[in-house]
Amino acid sequence: MSNNDRPNGGSLIYRQSVWTRTCHWIWAACLFFLALSGLQIFNAYPQLDIGIESGFEYKNSILEIGARQVGGEVRGITRVFDIEFDTTGVLGFSNGKIQAIPAALTIPCSQSLATGRAVHFFFAWLLVITIAVWFIASFVNGHLRQLVPSRSDLHMIGPEIASHAQLRFHHRRHYGALQKLTYGGVMFFLIPLMIMTGLSMSPSFNAFAPWMLDMFGGRQTARTLHFLVMLSLLGFFFIHVVMVLASGPLNGLRSMVTGWYRIDPEEHRPGSPPDSRKET
Ligand code: HEM
């Protein structure tokens, strides 16, 4: 157990509602299946374009993953804008197979666009429902407000970055400035953008709301943005898990499983019993 797991013997408070906890683990599972089934779908057309059109005759791709014969052997090649990288063994050609993303990182592992799409759409709708439930519950129980940084939070960003860099973490009743900014960024910006760019690629949704595809500048741009949001969420995921591990994994995970969180002793305000919050 790390020191951060028992912040100097502070009190236990009820910090995460059952709605936050349940939605959190469902969307974490959804994003796992969405990422890997999305990479299966990406493998069917392993390049990212800008605009409305796609195909050989257009020069509008910003990323392309493929394979090519070089000096009698197959090499995996990844092109980003006009710069090419030899990515043999990782992207383009790995384990003796020409495949943009290696089989170990796709669902299913074998090449099957149809199964990939079925898995992707199932978890996409489950994510939409989960996020809608989280928004409604968080609006009703006031949790939504706790994710919006206040003016004083914004002044704390510098000191918080400094204390995070020294692996010193505060265990407060409410999220700190960096947590509000990152969690708020994920819930108010990245996930809605992912859902909107995803919907924009659906022909039936285009018939219902054609303005959304226009807003993103065409199907190929929407697909590219969808991919970039996935990469941003992946970046968030790694930093998030490292922060949970560094700030006291048992305390953090307990709060996300049972709701109960141990705060620093100086956080306990006189007159407010630490465990008085009712489950909402
Ligand atoms: C892609 C997957 C994930 C996403 C998008 C995500 C996102 C989030 C968000 C937005 C919150 C704040 C929720 C709220 O207050 O309503 C949160 C909290 C939390 N998450 Fe995740 N999460 C993911 C995966 C994980 C995993 C795998 C773990 C386990 C290591 C984890 C552990 C936690 C904990 C302990 C908290 C509470 C943190 C705190 O008190 O600061 N999350 N997560």
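Both ligands and their constituent atoms are indexed starting at 1 by order of listing.
Closest protein heavy atom to atom 35 (C) of ligand 1: G252 O, 3.1 Å. Among all non-hydrogen protein atoms, the one lying nearest atom 4 (C) of ligand 1 is W27 NE1, 3.5 Å. The nearest heavy-atom contact from the protein to atom 38 (C) of ligand 1 is Y183 OH, 3.3 Å. Residue, atom and distance of the protein heavy atom nearest to atom 15 (O) of ligand 1 are Y175 OH, 2.5 Å. Atom 26 (C) of ligand 1 has W25 CZ3, 3.8 Å as its closest protein atom, hydrogens excluded (heavy atom only). Looking from atom 2 (C) of ligand 1 to the surrounding protein, the closest heavy atom is F237 CD1, 3.6 Å.
Taking a cut-off of under 4.0 Å to the non-hydrogen atoms of F236, the atoms of ligand 1 that pass are 4 (C), 5 (C), 6 (C), 7 (C). Below 4.0 Å from some heavy atom of T20 lie the following atoms of ligand 1, by number and element: 14 (C), 15 (O), 16 (O). The contact set between ligand 1 and Q179, taken as ligand atoms under 4.0 Å from a residue heavy atom, comprises 39 (C), 41 (O). Ligand-side atoms of ligand 1 in range of R15: 39 (C), 40 (O), range being under 4.0 angstrom from any heavy atom. Close contacts between ligand 1 and W134 involve ligand atoms 16 (O) [criterion: under 4.0 Å to a heavy atom]. In the vicinity of L253, heavy-atom distances shorter than 4.0 Å reach the ligand 1 atoms 29 (C), 35 (C). Residue-ligand proximity, M187 to ligand 1, at heavy-atom distances under 4.0 Å covers atoms 10 (C).
Pairing each heavy atom of I191 with each of L127, the nearest pair is CG2-CD2, 4.4 Å.
Residue L233 places no heavy atom under 4.0 Å from ligand 1. Not a single heavy atom of F32 sits less than 4.0 Å from an atom of ligand 1.
Among M243, Q146, H143, the residue whose heavy atom lies nearest to atom 16 (O) of ligand 1 is H143.
A distance of 8.5 Å separates CH2 in W260 from CD1 in I13, rounded to the nearest 0.5 Å. Separating the CE atom in M194 from the CG atom in L34 is a distance of 5.5 Å, to the nearest 0.5 Å. Distance CD1/I239 to OG1/T182: 9.0 Å, rounded to 0.5 Å.
Under the 30°/60° scheme for interplanar angles, the aromatic rings of W27 and W134 are found to stand perpendicular.
Counting non-hydrogen atoms of other residues, nucleotides and ligands closer than 6.0 Å to CZ of F189 gives a total of 12 or fewer. Heavy atoms from other residues, nucleotides or ligands lying under 6.0 Å from CZ of F139 number 12 at most. Applying the 6.0 Å contact sphere to CZ of R79 captures more than 12 heavy atoms from other residues, nucleotides or ligands.
Counting only protein N, O or S atoms, 2 lie closer than 2.8 Å to atom 21 (Fe) of ligand 1.
Where the criterion is an N or O separation shorter than 3.5 Å, residue side chain and backbone included, S255 fails it with respect to ligand 1.
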Working for side chain to side chain donor-acceptor pair (under 3.5 Å), residues S112 and S110: CA-CA 6 Å; S112 169; S110 56; 6.0 Å; no
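Side-chain N/O atoms of R15 and T20 include no donor and acceptor closer than 3.5 Å.
Note on E84 versus R68: salt bridge recorded, some NZ/NE/NH1/NH2 to OD/OE distance being below 4.0 Å.
Sequence neighbours left out, the pairs with a member in residues 219-258 that pass ring pair (Phe, Tyr, Trp, His ring centres under 6.0 Å) are F42-F227, Y183-H240, F236-H240.
L231 is connected to I65 through a chain of hydrophobic side-chain contacts under 4.5 Å among Ile, Leu, Val, Met, Phe, Trp and Tyr, so both are in one cluster.
Here the options are K180, H174, Q179, the test is side-chain hydrogen bond (donor to acceptor under 3.5 Å, both in side chains), and the partner is D153; only K180 passes.
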